[in-house]
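Here's the structure, in structure tokens; my notes come after.
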Number of protein chains: 4
Amino acid sequence: MSSPRIKSDKAQARTEAQRERILAAAQRCFIEQGFHAAGMARIAEAAGMSPGLIYRYFDSKAAIIRAIIARQLERLNQDISLNRPVDLAAEMTAKFVGGHGCNPHDLSPALLLELSAEATRDPEIHAVVRHFDQNLRNALVQWLMRGTDTGGHALPEARACEAALLLQLLFEGMKVRQTRDPGLDPALLEASLRRFLPFVLAGGAAAAG
Amino acid sequence: MSSPRIKSDKAQARTEAQRERILAAAQRCFIEQGFHAAGMARIAEAAGMSPGLIYRYFDSKAAIIRAIIARQLERLNQDISLNRPVDLAAEMTAKFVGGHGCNPHDLSPALLLELSAEATRDPEIHAVVRHFDQNLRNALVQWLMRGTDTGGHALPEARACEAALLLQLLFEGMKVRQTRDPGLDPALLEASLRRFLPFVLAGGAAAAG
Amino acid sequence: MSSPRIKSDKAQARTEAQRERILAAAQRCFIEQGFHAAGMARIAEAAGMSPGLIYRYFDSKAAIIRAIIARQLERLNQDISLNRPVDLAAEMTAKFVGGHGCNPHDLSPALLLELSAEATRDPEIHAVVRHFDQNLRNALVQWLMRGTDTGGHALPEARACEAALLLQLLFEGMKVRQTRDPGLDPALLEASLRRFLPFVLAGGAAAAG
Amino acid sequence: MSSPRIKSDKAQARTEAQRERILAAAQRCFIEQGFHAAGMARIAEAAGMSPGLIYRYFDSKAAIIRAIIARQLERLNQDISLNRPVDLAAEMTAKFVGGHGCNPHDLSPALLLELSAEATRDPEIHAVVRHFDQNLRNALVQWLMRGTDTGGHALPEARACEAALLLQLLFEGMKVRQTRDPGLDPALLEASLRRFLPFVLAGGAAAAG
DNA sequence: GATGAATGAGGGTTCATTCAT
DNA sequence: AATGAATGAACCCTCATTCAT
């Protein structure tokens with residue numbers, strides 16, 4: 001009676017593992033070549049399997065793209081750990097400098113841009129992106145509202161919303177900069193952030209850097 | 001002596017008109033479907049001509065893309081008129097709200113994003129984008145350094161550079177927001193900008209709104 | 001009453017002149033690029049006229065090809081002047097060496113080959129080629145049969161036919177050589193011809209150089 | 001250890017078989033329509049497969065052409081068996097008569113001509129053709145220099161070179177004849193060859209038929 | 001007569017997807 | 001579960017030909 005259950009569990013685990021292999025391989029390919037230039041054959045090769053097998057785990061190339069986006073955004077969500085002392089300027093600069101590499105755990109900037117453009121056309125992508133964005137914004141707002149004793153900034157809600165939006169604009173603006181001017185001097189970026197972020201985090205009040 | 005000239009002028013005018021028709025049609029298609037998903041046949045249809053005819057005016061699809069980019073960036077360059085009193089917060093918000101439409105004179109945000117991603121792979125696009133970026137940055141720096149009597153902000157060079165970079169991040173961040181959250185409350189955006197831009201334009205000094 | 005006649009004559013002359021311009025231009029293009037690679041646009045340009053105008057004088061590209069072949073073979077026919085002392089070995093070698101150039105009066109070897117291949121498929125071309133070939137063979141036979149006092153070789157008819165065929169094989173073999181081994185040492189070619197042609201011209205009898 | 005090998009062998013065999021099918025189909029199409037007039041769709045149809053599949057086995061149409069040429073020339077190379085008593089006149093005549101058919105093992109004359117013309121423009125084709133030509137010439141020279149006891153003609157080198165060139169001219173001249181005058185009387189051809197070849201094979205010395 | 005812009009069928013090629021094994 | 005050969009529609013692009021001017 002349990003034999004089929006056990007088999008099913010094993011099978012499910014294997015299925016999940018296979019999906020992961022495919023997603024990882026596809027992400028590598030997409031980062032290197034973009035969504036449309038990366039062929040299924042290449043993805044299959046990178047995943048160490050045959051092209052046909054991929055279709056046992058995903059309905060289509062578009063489905064893989066959606067899955068990657070969802071997985072990536074989920075990871076980002078988990079990465080937002082604002083329950084600690086944060087040197088935002090330093091961390092953002094580090095992200096900018098390090099983001100060009102093919103750290104498979106990070107979404108490459110070019111991919112994020114293609115992804116955002118695609119959200120304009122694919123409602124499913126749009127939905128998942130929206131969901132992530134709201135999560136991030138909420139997290140930022142909570143962080144900004146939290147007391148300074150817990151690493152927060154004690155902003156009133158209205159100010160927190162404004163500041164969160166501004167931070168998001170800066171985050172995303174940096175992604176665009178990464179693709180269009182990867183050689184941007186990190187020192188300038190950090191100086192710029194270090195000068196203005198305190199105002200943002202202070203909700204617009206004069207801040208003591 | 002003038003007869004051939006006149007004919008040539010007419011022909012040249014027609015040629016330019018045809019190129020414009022093609023670029024406009026292509027831009028519409030690209031916005032709707034993306035660079036790679038828009039086929040030449042569809043572009044031709046949108047332009048009201050046969051596919052073959054397009055190749056009398058452009059060498060390739062890639063050439064059309066480059067022409068659109070170059071044209072759009074040129075227009076942006078011309079639009080940057082900082083020799084006047086500027087209410088940046090209001091203007092940026094207006095840009096955000098108005099930018100969703102298919103105003104053929106404006107670069108759609110989705111296109112800008114795909115374009116930036118494409119710059120990662122096409123050196124020619126990268127070059128034209130870089131050229132525009134530097135122009136914009138220079139214009140911003142000059143504006144920030146200029147005396148207040150001429151609409152400037154009288155910042156020293158170092159501060160101006162930092163502030164210009166931050167402004168650019170905000171501009172581009174807004175483009176991403178447009179694609180990912182087109183319903184963003186304009187009032188929140190404007191409030192946010194109105195609160196923080198003065199600090200930026202003041203080079204980081206406490207500013208009197 | 002005569003006015004239309006006169007006009008018609010003038011017109012006919014002009015028509016012929018135009019056809020000639022087109023044929024000359026086309027031949028240049030064909031030699032340079034081959035029959036299929038040479039486009040009508042390029043031919044029109046070379047002829048100094050518009051593509052459309054060509055179709056007033058020729059029904060199609062194929063018609064131009066046929067006309068060129070016919071004209072060329074006619075010219076070759078006229079060129080065969082065997083009523084004179086001939087040093088065949090020297091003349092053939094000279095033809096080989098000089099034939100690579102773009103002497104517009106000569107059929108380029110590559111063209112002759114393409115032409116011959118095309119004769120396999122186009123009955124009209126086949127017919128015109130056959131007609132020329134027979135003319136040439138007849139001329140050779142007559143020459144070989146003519147008395148030595150008139151530059152001939154006084155062969156009996158049977159021997160003349162055999163020798164004429166052999167000469168033709170050599171002529172055409174040289175055309176193939178020209179395309180496949182244009183660097184062939186002319187000295188070797190001439191030596192070879194000089195050694196064996198006397199036997200051929202003597203109808204197979206031992207010959208005294 | 002052998003299981004993958006066996007599979008690989010099977011696969012390799014199938015691959016080779018498919019390549020052969022494609023080459024055979026293409027050769028048929030090329031003979032019927034010429035290199036440029038034969039479309040990939042038609043070739044695919046003739047090979048009983050889809051157009052796309054061809055590209056699993058060949059990079060391009062040009063690659064197919066090159067493969068056909070190379071294969072054909074290789075076959076010709078193998079066919080040159082001069083280590084035996086040879087009645088050249090009879091064999092050449094037989095080749096002429098039999099060569100019109102679509103014997104897939106023989107290069108059709110029309111193809112050889114187009115091929116030679118193509119060598120004028122495609123360096124890769126030129127190279128393979130040159131290589132074959134030199135092989136043939138060398139084989140002929142060796143044969144002519146070899147002692148008569150081993151089927152050769154005992155010519156000194158200089159004479160052998162001259163004679164080899166002449167033979168090649170005759171071979172190739174016959175290919176041209178085949179396309180332009182396929183109805184040429186074989187009896188005349190054989191008579192002509194029989195009369196003059198002995199002189200050639202004798203290096204130009206008077207020969208006893 | 002002359003133009004050259006315009007056509008559109010067809011070219012070679014790619015690639016997401018399917019299916020016999 | 002897995003393969004990878006096979007499909008075929010769609011891609012971008014060319015060019016002989018036509019036609020409004």
Side-chain angles (χ1 to χ4, degrees), chain A residues 11 14-15 18 36-45 47-64, chain B residues 4 7-8 10-11 14-15 17-18 36-45 47-64, chain C residues 7 10-11 14-15 18 36-45 47-64, chain D residues 4 7-8 10-11 14-15 17-18 36-45 47-64:
Chain A
R14 174 156 185 79
T15 291
Q18 292 282 63
H36 80 275
M40 290 298 276
R42 207 181 215 294
I43 293 172
E45 190 189 20
M49 62 179 65
S50 66
L53 190 52
I54 291 183
Y55 287 84
R56 194 169 283 277
Y57 301 101
F58 292 95
D59 281 345
S60 66
K61 190 182 182 182
I64 296 179
Chain B
K7 227 165 91 178
S8 170
K10 266 191 202 169
R14 174 157 188 81
T15 290
Q18 292 282 65
H36 78 275
M40 291 299 279
R42 193 174 256 273
I43 293 173
E45 192 187 18
M49 60 180 65
S50 65
L53 189 52
I54 293 183
Y55 290 87
R56 183 174 284 274
Y57 300 101
F58 292 96
D59 280 344
S60 66
K61 189 184 182 182
I64 295 179
Chain C
K7 226 166 94 178
K10 268 191 201 167
R14 175 157 184 78
T15 291
Q18 293 281 64
H36 79 276
M40 291 297 277
R42 205 180 217 295
I43 293 173
E45 190 189 21
M49 63 179 66
S50 67
L53 189 52
I54 291 183
Y55 287 84
R56 195 167 283 278
Y57 299 101
F58 292 95
D59 280 345
S60 66
K61 190 182 183 183
I64 295 179
Chain D
K7 227 165 92 180
S8 169
K10 266 192 203 167
R14 173 156 190 83
T15 291
Q18 292 283 64
H36 78 275
M40 291 299 278
R42 190 175 260 273
I43 293 173
E45 192 188 17
M49 61 180 66
S50 65
L53 188 53
I54 293 183
Y55 288 86
R56 184 174 284 275
Y57 300 101
F58 293 96
D59 281 344
S60 65
K61 189 185 183 182
I64 296 179

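In what follows, every chain begins at residue 1, and chains take the letters A, B, ... in the order their sequences are listed. Values below: every heavy atom of this structure, side chains too, minus hydrogens, waters and symmetry copies. For clarity, every value in this text was computed on a predicted model and none was experimentally measured.
- Put simply, A/Arg42 has no side-chain N or O that comes within less than 4.0 Å of OP1 or OP2 on E/dT14.
- Across all strands, A/Gly52 comes closer than 4.0 Å to base atoms (heavy-atom distances).
- When all heavy atoms are compared, the tightest approach of C/His36 to C/Lys61 is O-NZ, 3.6 Å.
- Using a 4.0 Å cut-off, some side-chain N or O of A/Ser50 falls inside it from OP1 or OP2 of F/dT3.
- Across all strands shown, D/Ala38 has heavy atoms under 4.0 Å from sugar-phosphate atoms exclusively, and none from any base.
- Counting any heavy atom pair closer than 4.0 Å across all strands shown, C/Met40 reaches a base atom.
- In the set F/dA16, F/dA1, F/dA5, the nucleotide with an atom closest to the side chain of A/Arg56 is F/dA1.
- Nearest nucleotide to the A/Lys61 side chain, out of F/dT17, E/dA5, E/dT17: E/dT17.
- Out of E/dG4, F/dA16, E/dT14, the shortest distance to the side chain of D/Tyr55 is found at E/dT14.
- Listed candidates were E/dA5, F/dA6, F/dA2. Nearest to the side chain of D/Arg14 is F/dA6.
- Nearest to the side chain of C/Met49, among F/dG4, E/dT3, F/dT18, sits E/dT3.
- Contact annotation for C/Tyr57: backbone-only contact, meaning every heavy-atom pair under 4.0 Å involves sugar-phosphate atoms and none involves a base.
- Between F/dA2, F/dC13, E/dG4, one nucleotide has an atom nearer to the side chain of C/Pro51 than all others, and that is E/dG4.
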